[in-house]
Number of protein chains: 2
Amino acid sequence: MARDELDERKKRILKAVIDEYIETREPVGSRTISKLPDMDYSPATIRNEMADLEELGYLSQPHTSAGRVPSDKGYRLYVDKLIKLEEKIGFEPTVKELDDVKTGIQRDIGEMSDQIRVASELISRLTEYTSIAVTGTAGGTRRIKALQVVPIEPGKALAVIVLDDDAVLNAVIQHDNTIGPETLMKVSTHCNLLFAGHRIEEINMNMIDSVSEATGVSRTGLMPVIDGLFECIKKAENTEVHTEGAVKLLSHPEFSDVGKAKGILELLNREDLMVDLIKECSSSDGLVIRIGSENKIEGLNECSVVTATYSVNGVNLGSIGVLGPTRMDYPRVIAALEYVRKRLTGANELPGTAGAAVNELPPGNIEVRNDGVLSKE
Amino acid sequence: MARDELDERKKRILKAVIDEYIETREPVGSRTISKLPDMDYSPATIRNEMADLEELGYLSQPHTSAGRVPSDKGYRLYVDKLIKLEEKIGFEPTVKELDDVKTGIQRDIGEMSDQIRVASELISRLTEYTSIAVTGTAGGTRRIKALQVVPIEPGKALAVIVLDDDAVLNAVIQHDNTIGPETLMKVSTHCNLLFAGHRIEEINMNMIDSVSEATGVSRTGLMPVIDGLFECIKKAENTEVHTEGAVKLLSHPEFSDVGKAKGILELLNREDLMVDLIKECSSSDGLVIRIGSENKIEGLNECSVVTATYSVNGVNLGSIGVLGPTRMDYPRVIAALEYVRKRLTGANELPGTAGAAVNELPPGNIEVRNDGVLSKE
DNA sequence: TGTTAGCACTCTTCGGTGTCGAGTGCTAAC
DNA sequence: GTTAGCACTCGACACCGAAGAGTGCTAACA
């Protein structure tokens with residue numbers, strides 16, 4: 001049936017109901033809607049339309065004599081078709097917040113994951129929701145800029161690698177005591193010369209043999225060093241999960257039941273689940289929105305997650321997800337994630353995209369509508 | 001008046017009331033106490049004693065016809081004088097838990113603060129309360145074991161320091177481009193020779209001049225390098241706060257009110273406050289217990305904090321605090337903190353104290369009593 | 001003198017009842 | 001197709017009374 005294609009009035013009413021519900025968290029009645037500006041219908045008409053919308057599955061009623069509440073399907077339509085573009089990007093953080101982005105994101109050296117973490121913190125503050133940052137799995141695509149092996153004491157050394165995105169990694173090397181410090185330095189210099197500019201997985205036996213030849217250290221003697229380098233990279237690849245503003249969940253009345261809140265906070269601590277949750281959504285380069293039961297994790301059925309994946313220079317930095325009740329301020333969350341994308345990309349001065357990033361709206365999920373004045377107070 | 005010195009029977013009743021209250025969280029009535037084994041008095045007698053204890057400030061009544069609830073003063077006496085030694089140390093973690101200590105605490109190299117963090121996690125799991133780990137301020141007392149300056153690219157280098165407790169620290173050095181990589185290596189070697197074995201604050205102008213002389217780099221040219229070293233140490237000194245098991249707060253019925261829970265969880269996120277809270281208690285080398293209003297932080301008046309400070313080889317590693325409701329299982333918390341102290345000290349093989357640590361009970365706060373069989377089911 | 005039994009009293013908890021109001025669905029009129 | 005009117009439903013809230021836990025006090029007892 002083509003009945004699923006709503007007419008304009010139904011869409012307007014649905015949007016009004018959802019906007020209202022997002023704001024008040026009260027089931028909204030026909031009278032409330034009919035009183036809105038630019039809503040020129042009587043409560044009775046609205047009632048009929050709302051009954052239709054309920055039949056179609058976009059709204060539901062907590063009990064017979066209550067107003068209507070959006071269903072997951074309703075929210076889906078809302079984020080896909082009903083939110084206007086301006087609502088999404090008409091949004092600017094305060095000066096203070098901008099400063100934070102600068103000091104946080106623009107620091108030019110150090111762990112790249114710091115950037116995502118700071119961004120996550122910012123997003124949590126901007127949206128007043130919990131944000132989850134997942135970094136990592138970028139190691140494979142990054143190149144070695146410099147490396148050094150630092151002798152610590154007999155049998156112990158420290159491998160230090162600087163990657164091309166200025167991340168500094170180190171790992172301890174335990175070697176049998178046959179290599180003296182001077183030799184180790186020579187190994188270090190040669191490895192640096194040979195490996196710089198390459199990705200870690202490009203290191204091959206030829207290179208190792210060449211180092212072996214130049215330094216007089218046997219292949220097996222070199223292995224602990226090579227292992228140390230790999231361990232560095234492994235550290236960088238290790239996905240890190242960072243949650244920001246978890247307590248904010250408690251501000252939302254949907255979690256005023258401690259048991260419920262506890263359940264979700266416990267899920268937040270399950271790093272494996274969070275990685276799945278965020279990563280699963282990060283295939284696309286845009287925003288992905290998961291509403292209520294669309295989340296596969298049990299216990300998140302009353303939550304929505306909006307995820308954005310960030311990459312700079314083609315390097316995947318990580319993803320940030322915003323977690324809140326399904327009754328979430330979607331426009332604001334989308335705006336915040338896109339805003340930070342712009343900053344993050346701009347801060348790293350990727351030529352050609354820095355300024356344009358804000359216009360890169362998520363593909364597919366969002367569509368611009370220019371009809372009726374669906375303004376929201 | 002010497003009335004504050006309670007007779008044996010009052011103490012027994014007080015302890016019974018507190019034990020009972022800790023277990024059930026119900027105001028405890030005279031009948032309940034009189035039914036306990038080894039409590040050979042009628043409810044009426046108990047009632048009289050309880051009335052006295054209330055008058056003395058050790059108990060209080062939520063309302064006229066309710067049972068009694070311990071006051072902060074009551075808990076104070078409880079932890080100071082009433083808990084038996086066996087209750088405190090008769091406690092062993094499971095095999096799984098022991099493994100965790102081993103893999104976590106015994107890792108022989110890396111950031112020392114990891115140890116405290118793992119210990120904190122363990123304590124939270126053992127006690128089912130929230131634990132707060134504060135590390136740091138140890139940098140000043142640690143010595144440099146090895147250091148290295150790694151050239152990264154023109155104008156940029158990386159300072160790496162290994163301290164005598166095997167902590168590895170690094171910081172980025174930005175220098176004007178007058179020092180070439182070879183010279184930098186020479187500087188590195190000379191600094192390593194001169195500074196190894198010293199504490200960072202022992203580095204003086206004489207040493208720097210000596211490096212300057214040997215390498216031909218001017219004093220001012222060397223300063224960025226020295227600054228980088230200091231920055232490393234600053235990183236180590238930077239107190240880090242790590243909270244474990246914050247969600248567990250929500251398990252306790254005293255925080256079933258979301259507002260209350262939120263308030264405390266927000267406090268937990270305030271690193272500055274947590275550092276104050278934990279550090280303030282860490283002057284002594286034993287356990288410090290702060291009950292309810294004894295905590296200076298407003299909003300923690302219904303909580304107790306038990307803090308232990310850990311040091312190995314005279315080096316202060318940090319402190320761990322356990323945060324829970326005043327109705328906390330003090331014996332268990334004390335046991336857990338002492339148990340971990342033993343492990344932490346043992347793991348680092350401090351001769352002479354490893355085995356004895358468990359007997360080092362906190363000075364002053366705890367006293368052994370051998371009277372009446374105050375057994376607890 | 002210390003202990004205990006008995007009893008009246010207090011105060012919370014909880015289930016039941018009644019009212020109020022918001023909101024609906026339906027019908028009939030416009 | 002829209003709207004006014006009206007009966008109906010159902011949750012929220014306040015009120016009431018019974019039940020029960022626990023107390024303080026008094027008087028009797030060892």
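Below, chain A is the first sequence line, B the second, and so on; all start at residue 1. No experiment lies behind these values; they were computed from the predicted model shown.
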Margin query: Taking 4.0 Å as the cut-off, does a side-chain nitrogen or oxygen of A:T64 come that near to OP1 or OP2 on D:dC10?
Written below: yes
Next item on the list: Would you check if there is a donor-acceptor pair between the side chains of B:D72 and B:S293 at a distance under 3.5 Å?
Entry: yes
Margin query: As a test of reading the structure: which of D:dT9, C:dA5, D:dT3 is closest to the side chain of A:S65, going by heavy atoms?
Written below: D:dT9
Next item on the list: May I ask you to verify if any side-chain N or O of B:R68 is less than 4.0 angstrom from the OP1 or OP2 atom of D:dG22?
Entry: no
Next item on the list: Return the value, rounded to whole Å, for the distance between atom CG of B:L53 and atom C1' of D:dG24.
Entry: 16 Å
Next item on the list: Using atom CG of B:L59 as one end and atom C1' of D:dG22 as the other, report the distance to the nearest whole Å.
Entry: 14 Å
Next item on the list: Rounded off to whole Å, could you give me the CG-to-C1' distance for the B:D52 and C:dG2 pair?
Entry: 13 Å
Check: Does NZ or CZ of B:K260 fall inside the cone over B:F255's six-membered ring, less than 6.0 Å from its centre and within 45° of the axis?
Finding: no
Next item on the list: Tell me whether the OP1 or OP2 atom of D:dT2 has a side-chain N or O from A:T45 closer than 4.0 Å.
Entry: no
Item checked: Complementary nucleotide of D:dT9, counting Watson-Crick and G-U pairs under 3.5 Å -> C:dA22
Item checked: Distance below 4.0 Å between A:R9 side-chain N/O and D:dT2 OP1 or OP2 -> yes
Notebook entry, point to check: Does any nucleotide pair with C:dC30 by Watson-Crick or G-U wobble geometry, both distances under 3.5 Å, and what is it?
Noted result: D:dG1
Notebook entry, point to check: Which whole-number value in Å describes the distance from B:R47 CZ to C:dT4 P?
Noted result: 11 Å
Check: Nearest-Å distance, OH (A:Y41) to P (D:dT3)?
Finding: 8 Å
Checklist line | Distance-only polar pair, side chains of B:T326 and B:S304, donor-acceptor under 3.5 Å | finding: no
Check: Do A:Y78 and A:D19 meet the criterion of a side-chain donor-acceptor pair at a distance under 3.5 Å?
Finding: yes
